[in-house]
Amino acid sequence: GPKVLQIPSHQIIDMGQMVTLNCDPVSNHLYFYWYKQILGQQMEFLVNFYNGKVMEKSKLFKDQFSVERPDGSYFTLKIQPTALEDSAVYFCASSPRQANTGQLYFGEGSKLTVL
Amino acid sequence: GDSVTQTEGPVTVSESESLIINCTYSATSIAYPNLFWYVRYPGEGLQLLLKVITAGQKGSSRGFEATYNKETTSFHLQKASVQESDSAVYYCALGSGGSNAKLTFGKGTKLSVKS
């Protein structure tokens, strides 16, 4: 079936550094999402993005977070600067339309470890 | 806020046995949320297993069933006879806030099916 690819699968960085997580969504999908899952907890919504703009974001989407999809390439999540509490697995998802049917397609996740 | 509680794993069953994974929800942002079961097979991204958007209805897919019960606020996942290939992590989720982009997930239940 359709696949969402995430790069890197795992990244270790020092606190205060910048990190960019990349997502290659399903082609022809229009809506993009990031979710965050801290070890042992549930996956939580961060942000969704459409037509070059953030549509909705949660309180977890701190000021240090930003998303973009320049020129229809990767959909990225940037954290600058990183903090210890940013350590988590970040899941990217895409959907062909507003997810009224819940048909989101997820990647396998990017595990971020902040030291 | 919204929340989802599901059977804590791991759950181990033998092949051809029946299975039930409990899921209860609390939706404060919307009276009748849409309900979903997602599944993550080993080495793959999260994918939609089934969904029900109308209270009282039943959804089914790949031999799994779940009924949207608004009286008990439950959406239990059941299968009459599991197979080894059903081994995966199962997530109950609800869509609310007028946009199912902001899915609220349970913590996931890891299922292992023994041959």
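Below, chains carry the letters A, B, ... as their sequence lines are ordered, and counting in each starts from 1. Computed over heavy atoms, backbone and side chain alike; hydrogens, waters and symmetry mates excluded.
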Participant: Just verifying a value: how many Å separate B:L103 CG and A:E44 CD, rounded to the nearest 0.5 Å?
Facilitator: 12.5 Å
Participant: When you group the ILVMFWY residues by side-chain heavy-atom contacts below 4.5 Å and let the links chain together, are B:Y41 and B:V13 in the same group?
Facilitator: yes
Participant: Only pairs of heavy atoms separated by less than 4.5 Å count here; which of B:G45, B:G108, B:A93 has the most with chain A?
Facilitator: B:G45
Participant: Keeping the roles fixed (side chain from B:Y91, backbone from A:Q42), state whether a donor-acceptor pair exists under 3.5 Å.
Facilitator: no
Participant: From B:Q47 CD over to A:Y105 OH, what is the distance, rounded to the nearest 0.5 angstrom?
Facilitator: 9.5 Å
Participant: Less than 4.5 Å apart, side chain to side chain, heavy atoms only: is that true for B:R40 and A:F91?
Facilitator: yes
Participant: Are there more than 12 heavy atoms of other residues, nucleotides or ligands under 6.0 Å from atom OH of B:Y32?
Facilitator: no
Participant: More than 12 heavy atoms of other residues, nucleotides or ligands under 6.0 Å from CZ of B:F105: yes or no?
Facilitator: yes
Participant: Report whether A:V67 and A:M55 are members of the same hydrophobic cluster (ILVMFWY, side-chain heavy atoms less than 4.5 Å apart, transitive linking).
Facilitator: no
Participant: Below 4.5 Å from any heavy atom of chain B, which atoms of A:Q37 appear? Answer side chain, backbone, both or neither.
Facilitator: side chain
Participant: Give a yes or no on whether B:L49 and B:L19 share a hydrophobic cluster (residues Ile, Leu, Val, Met, Phe, Trp, Tyr; joining criterion: side-chain heavy atoms under 4.5 Å apart).
Facilitator: yes
